[in-house]
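Presented below is the structure to which this report refers.
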Amino acid sequence: VILRNILAAGFPAEAVTVVKPGTSEVEGCRAVPGLEALPGRVDLLVLSLGAEAAPAAVEEVVERAAAEAVILIPGGLGEREGSAALAERLSAAIAAGRRRGDGPVVNGGNSMGVRSLPGRYDATFIPRYKSSPDPSAPSVPLAVLSQSGAFAIARLDRLVGLRPRYLVTLGNQADVTAGDYLACLQDDPATEVFACYLEGFQPGDGARCLDAARRIGARGGTVVLYLGGRTAAGAAAAASHTAALASDYTLAAALAREAGVLVAETFEDFEDLVRLAVLLRNRTIAGLALGAVSNAGFECVAVADHQ
């Protein structure tokens, strides 16, 4: 599904290599038996494999300097009981790449993937017929950054017609964090609205998110945030979902609002705030005038009577 999505989004087959032993071609793309047979250092390596094999694969990527970036799909890397050792080995491999200076940046694990319209690829594992919005819809200057892939897909199903410029599912944030993405895109004039679902922050990343949100707001952009894990039960669920260490919700929400972030209390609020932020981004709102759209005449009368 990931490979078909990448090709359907417009990425040329001749620029894609599949690592799969026992065949020379998959979906019109060249196939090689292992990482050692890749045609040089690749821009992006999507690792779709079992959690038990993920740390060794990242270690090999680091050893061979095989990729600039990795999207790590598998779950079970820290968020599940008994997977702490796998998560520690993965972190050690990422750190080794940093020390060498040529290690990849890693998105995930436990990621649904990344969709990038500027990059012309869709490296998510959601089939096209289940993906919203319609790939033919015009794009809007929206970046969706979500620790949960299911949250992102469910919300986009309801945000009809809003085809984001970027869809990034962060998963466990073993390496690249929400703060990294916000800092990277904070000065991008083509991205005006940032819709974020987070269950927790890596150490120090909350402050980085707030700094980026202030810069985004200062240039006229908008950050919308739904922060999960706000109760003891929710925090426990977050830990088993994306290995998130939930923050103090009251404090985090207050700091976010102080930085100009629109904090949603419910999923419905999140959808409404994102929709309004995108559709009204070029509008100047001034004064106390009220506009109303109704289904019938009596509703107009009621609105007028009760304004």
Side-chain angles (χ1 to χ4, degrees), residues 1-50 53-54 56-74 93-94 97 100-109 111-144 149 152-153 156 163-171 175-176 180-181 184-185 188 190-191:
V1 171
I2 294 172
L3 178 58
R4 288 173 178 170
N5 283 347
I6 289 172
L7 298 174
F11 211 81
E14 60 270 19
V16 180
T17 301
V18 179
V19 179
K20 182 175 177 62
T23 184
S24 61
E25 183 179 301
V26 178
E27 298 285 339
C29 302
R30 171 181 45 187
V32 297
L35 293 178
E36 74 284 353
L38 287 174
R41 185 173 172 91
V42 299
D43 295 313
L44 175 63
L45 178 64
V46 181
L47 289 177
S48 181
L49 70 181
V58 175
E59 287 169 350
E60 185 177 0
V61 172
V62 170
E63 179 183 348
R64 297 182 182 280
E68 295 284 349
V70 171
I71 297 175
L72 194 54
I73 298 296
I94 294 170
R100 281 182 39 157
D102 58 1
V105 292
V106 178
N107 184 85
S111 171
M112 190 194 72
V114 175
R115 185 186 299 160
S116 169
L117 297 189
R120 293 185 300 124
Y121 71 86
D122 177 358
T124 68
F125 57 73
I126 301 301
R128 301 285 281 185
Y129 72 92
K130 291 184 179 180
S131 181
S132 295
D134 189 325
S136 65
S139 67
V140 295
L142 168 67
V144 177
I153 291 300
L156 288 174
R163 185 179 175 220
R165 183 173 172 81
Y166 299 103
L167 167 60
V168 180
T169 64
L170 300 162
D175 183 25
V176 184
D180 290 328
Y181 281 108
C184 177
L185 295 172
D188 176 15
T191 310

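- When side chains are defined from C-beta on, Arg120 counts as touching Pro12, because their heavy atoms get closer than 4.5 Å.
- Nearest heavy-atom pair, Ile73 versus Ser48, reported as atom, atom and distance to 0.1 Å: CB-CA, 4.2 Å.
- A 4.5 Å side-chain heavy-atom check between Arg64 and Leu38 finds every atom pair outside the cut-off.
- For the residue pair Leu45 and Val61, the shortest heavy atom distance occurs at CD2-CG2, 3.5 Å.
- Taking every heavy atom of both residues into account, Ala152 and Leu167 meet most closely at CB-CD1, 3.6 Å.
- Distance check, rounded to the nearest 0.5 Å: CZ of Arg115 to CG of Leu156 gives 7.0 Å.
- Of all the heavy atoms in Tyr166 and Pro118, the pair that sits closest is OH-CG, 3.4 Å.
- Contact detail for Ile71 and Ser111: the closest heavy-atom pair is CG2-OG, 4.2 Å.
- For the salt bridge (Lys or Arg N to Asp or Glu O under 4.0 Å) test, residues two or more places apart in sequence or in another chain that qualify with Arg100 are Asp102.
- Glu63 meets the salt bridge (Lys or Arg N to Asp or Glu O under 4.0 Å) test with no other residue; sequence neighbours excluded.
- In plain terms, the two heavy atoms of Pro74 and Leu49 that are nearest each other are CB-O, 3.1 Å.
- Counting heavy atoms from C-beta on, the side chains of Arg163 and Leu117 come closer than 4.5 Å.
- Residue pairs that meet the side chain to side chain donor-acceptor pair (under 3.5 Å) test with at least one member in residues 29-41, sequence neighbours left out, are Thr17-Arg30, Arg41-Glu68.
- Annotation: side chain of Val114 is in contact with side chain of Tyr121 (closest heavy-atom distance under 4.5 Å).
- With a 4.5 Å cut-off on side-chain heavy atoms, Thr124 and Thr169 do not count as touching.
- Separation of atoms CD1 (Ile6) and CG (Leu44) is listed at 7.0 Å; rounding is to 0.5 Å.
- Atom CD1 of residue Ile153 and atom CD1 of residue Ile126 lie 5.0 Å apart, to the nearest 0.5 angstrom.
- A 4.5 Å side-chain heavy-atom check between Glu27 and Arg4 finds at least one atom pair inside the cut-off.
- With rounding to the nearest 0.5 Å, the separation of CG in Asp175 from CG in Leu170 is 11.5 Å.
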